[in-house]
Amino acid sequence: MSRGETGRLIAETGVIPKKSKGQNFLIDERVADRQIDFAKISQGDRVLEVGPGLGILTSRLIGRSGDVTCIEIDDALADHIEGTYGERLRLIRGDAVKVPFPPFDVFVSNLPYSVSTPIIFKLLEHDFRRAVVMVQKEFADRMTADVGSPDYSRLTVNLFYRADCRLLEKVPSSRFKPQPKVDSAIVEIVPRPAPFTVYDEREFFRVTEAAFNHRRKKIGTSLRAAKIIDDGWDIPFLDSRIEELRPAEIAEIANSIFQCRKELTRL
Ligand code: SAM
């Protein structure tokens with residue numbers, strides 16, 4: 001789908017691309033081909049796409065699998081997808097953050113930027129094999145950051161807990177119409193069990209959030225300020241900074257807080 005053809009389709013569908021709905025349409029056929037190849041879809045796979053838009057990925061997905069479902073929030077774009085692909089896919093009209101996902105094996109999406117985080121975490125509540133998503137480049141860097149890098153964040157740790165994430169390709173902003181201000185990247189997400197033990201998930205997420213809220217402070221200071229620990233508790237890494245700790249070490253902190261609290265309630 002060239003820039004010109006995308007312009008023609010935008011005019012035909014009557015869509016006025018909205019920033020709030022992340023409506024920047026991919027116009028590079030080769031990028032679309034590679035994104036679909038990365039997804040490694042087999043004919044029997046159940047495929048889910050959020051935000052088919054004008055269909056640059058959708059047309060390729062229905063060539064790979066006989067079981068494709070799309071969720072689109074915009075009525076004009078949903079009409080376009082229904083009119084073009086009819087019975088060859090299932091279309092759900094609505095907000096992908098709110099509507100239940102059908103069962104799926106592979107997830108492919110050029111994600112609307114404003115809802116990338118809730119959709120990725122909703123995704124991870126499901127049992128699936130692989131997701132290949134286009135997100136803002138900065139967001140991709142945070143998803144895949146190494147410990148100690150400036151991009152290492154709460155998002156990195158919470159994702160690492162549930163999946164392996166890999167940045168596969170950077171995509172310049174010029175590959176979209178209308179052209180956004182920032183570049184994008186394609187990221188692969190492969191779910192797997194956490195490679196470390198977590199006694200209590202809520203504690204792990206709470207510690208991660210509180211410590212990254214003040215990433216330059218010592219962890220002990222952040223956790224005391226958030227009233228997660230009290231003076232005198234024997235917890236590891238309290239003099240470290242969160243950006244220096246691997247997810248497994250953050251889990252050690254959360255686990256020993258969980259133990260301390262359990263012992264206190266026994267007294
Ligand atoms: N897949 C197309 C492409 O690659 O050109 C369009 C991608 S565009 C970045 C995002 C798409 O998601 C748009 O079609 C937009 O209308 C849709 N969208 C935005 N927010 C949504 C939501 N909450 N639920 C479902 N679709 C949404």
Side-chain angles (χ1 to χ4, degrees), residues 1-39 41 47-64 68-85 89-102 104 106-123 126 131-140 168-187:
M1 219 178 275
S2 65
R3 184 173 287 277
E5 199 182 336
T6 305
R8 180 180 60 75
L9 279 177
I10 291 175
E12 271 178 27
T13 51
V15 169
I16 300 164
K18 289 172 212 71
K19 227 178 170 178
S20 61
K21 287 187 184 157
Q23 287 171 339
N24 304 97
F25 301 102
L26 180 64
I27 54 170
D28 190 320
E29 303 276 351
R30 286 163 309 171
V31 173
D33 285 341
R34 287 196 293 274
Q35 183 168 358
I36 300 299
D37 284 344
F38 290 141
I41 297 166
V47 178
L48 177 63
E49 182 190 10
V50 161
L54 296 167
I56 189 166
L57 298 179
T58 322
S59 57
R60 288 164 169 79
L61 291 174
I62 58 176
R64 299 286 174 109
V68 176
T69 303
C70 296
I71 307 177
E72 175 57 63
I73 200 171
D74 187 298
D75 277 333
L77 289 170
D79 289 346
H80 168 74
I81 291 294
E82 204 167 57
T84 311
Y85 303 108
L89 51 76
R90 262 183 307 277
L91 176 68
I92 300 173
R93 293 170 182 259
D95 181 346
V97 177
K98 295 184 186 146
V99 298
F101 285 178
F104 61 96
V106 180
F107 181 93
V108 177
S109 177
N110 288 347
L111 281 171
Y113 295 143
S114 59
V115 287
S116 297
T117 305
I119 289 179
I120 287 175
F121 282 104
K122 181 167 176 181
L123 192 63
H126 294 76
V132 176
V133 294
M134 180 97 69
V135 292
Q136 285 192 348
K137 168 69 172 48
E138 287 75 10
F139 191 80
L168 301 173
E169 179 173 335
K170 295 175 197 166
V171 182
S173 64
S174 59
R175 307 292 84 208
F176 297 87
K177 182 184 172 83
Q179 183 170 346
K181 289 205 175 71
V182 294
D183 293 336
S184 292
I186 300 174
V187 178

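These values consider heavy atoms only, across backbone and side chains, with no hydrogens, waters or symmetry-generated copies. Please read these numbers as outputs of a predicted model, since none were measured by experiment. Start at 1 and go down the list; that is how both ligands and their atoms are numbered.
Side-chain atoms of Asp74 and Gln23 include a donor-acceptor pair closer than 3.5 Å. Side-chain N/O atoms of Ser109 and Glu49 include no donor and acceptor closer than 3.5 Å.
Taking OH from Tyr113 and CE from Met134, the interatomic distance works out to 7.0 Å, rounded to the nearest 0.5 Å. A distance of 9.0 Å separates CZ of Phe176 from CD1 of Ile27, quoted to the nearest 0.5 Å. To the nearest 0.5 Å, the span separating CD1 on Ile41 from CZ on Arg60 amounts to 12.0 Å.
Nearest protein neighbour of atom 9 (C) of ligand 1, counting heavy atoms only, is Gly22 O, 2.9 Å. In terms of protein heavy-atom proximity, atom 24 (N) of ligand 1 is nearest to Ala96 N, 2.9 Å. For atom 5 (O) of ligand 1, the nearest protein heavy atom (residue, atom name, distance) is Leu26 N, 2.9 Å. The shortest contact between atom 6 (C) of ligand 1 and any protein heavy atom is with Gly51 O, 3.4 Å. Looking at atom 20 (N) of ligand 1, its nearest protein heavy atom turns out to be Pro112 CG, 3.5 Å. When hydrogens are left out, the protein atom nearest atom 4 (O) of ligand 1 is Asn110 ND2, 2.6 Å; that is the closest non-hydrogen contact. What sits closest to atom 19 (C) of ligand 1 on the protein, heavy atoms only, is Lys21 O, 3.0 Å. In terms of protein heavy atoms, atom 16 (O) of ligand 1 is closest to Glu72 OE2, 2.6 Å.
Salt-bridge annotation for Arg34 and Glu169: present, with a side-chain N of the basic residue lying under 4.0 Å from a carboxylate O of the acidic one. The pair Asp37-Arg30 does not count as a salt bridge, with every side-chain nitrogen at least 4.0 angstrom from each carboxylate oxygen.
Those atoms of ligand 1 with a heavy atom of Gly53 less than 4.0 angstrom away are 6 (C), 14 (O). Which parts of ligand 1 touch Glu49 is read off a 4.0 Å heavy-atom cut-off, strictly below it: atoms 1 (N). Short contacts between ligand 1 and Leu77, defined as distances under 4.0 Å to a heavy atom of the residue, involve ligand atoms 14 (O), 16 (O). Here is the list of ligand 1 atoms found below 4.0 Å of a heavy atom in Ile73: 18 (N), 19 (C), 20 (N), 21 (C), 22 (C), 23 (N), 24 (N), 25 (C), 26 (N), 27 (C). Annotation for ligand 1: atoms under 4.0 Å from non-hydrogen atoms of Asn24 are 8 (S), 9 (C). Close approach of ligand 1 to Ile56 (heavy-atom distance below 4.0 Å) involves ligand atoms 3 (C), 4 (O), 5 (O). The contact set between ligand 1 and Phe25, taken as ligand atoms under 4.0 Å from a residue heavy atom, comprises 5 (O), 6 (C). Proximity to Asp95 (heavy-atom distance under 4.0 Å) selects the following atoms of ligand 1: 22 (C), 23 (N), 24 (N).
Residues Ile92 and Pro102 are in side-chain contact: their nearest non-hydrogen atoms beyond the backbone lie under 4.5 Å apart. Using a 4.5 Å cut-off on side-chain heavy atoms (C-beta onward), Leu54 and Leu77 make contact.
Proximity of Pro52 to ligand 1, defined as any heavy-atom pair under 4.0 Å, is confined to the backbone N, CA, C and O atoms.
Residues Pro112 and Lys21 approach most closely at CB-O, 3.7 Å, considering heavy atoms.
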Problem set entry | Audit row: Leu89, Ile81, side chain to side chain contact (heavy atoms under 4.5 Å, CB included) steps and yes/no | CA-CA 9 Å; Leu89 51 76; Ile81 291 294; 4.1 Å; yes

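Heavy atoms from other residues, nucleotides or ligands lying under 6.0 Å from NZ of Lys98 number 12 at most.
Exactly one of Asp28, Asp183, Asn24 qualifies for a side chain to side chain donor-acceptor pair (under 3.5 Å) with Arg175. That residue is Asp28.
For Ile119, no nitrogen or oxygen atom sits less than 3.5 Å from a nitrogen or oxygen atom of ligand 1, counting backbone and side chain alike. Taking only nitrogen or oxygen atoms, main chain and side chain alike, Leu111 does not reach within less than 3.5 Å of ligand 1. Backbone and side-chain nitrogen or oxygen atoms of Asp74 are examined, and none is located within less than 3.5 angstrom of a nitrogen or oxygen of ligand 1.
A heavy-atom separation below 4.0 Å is not found between Ala32 and ligand 1.
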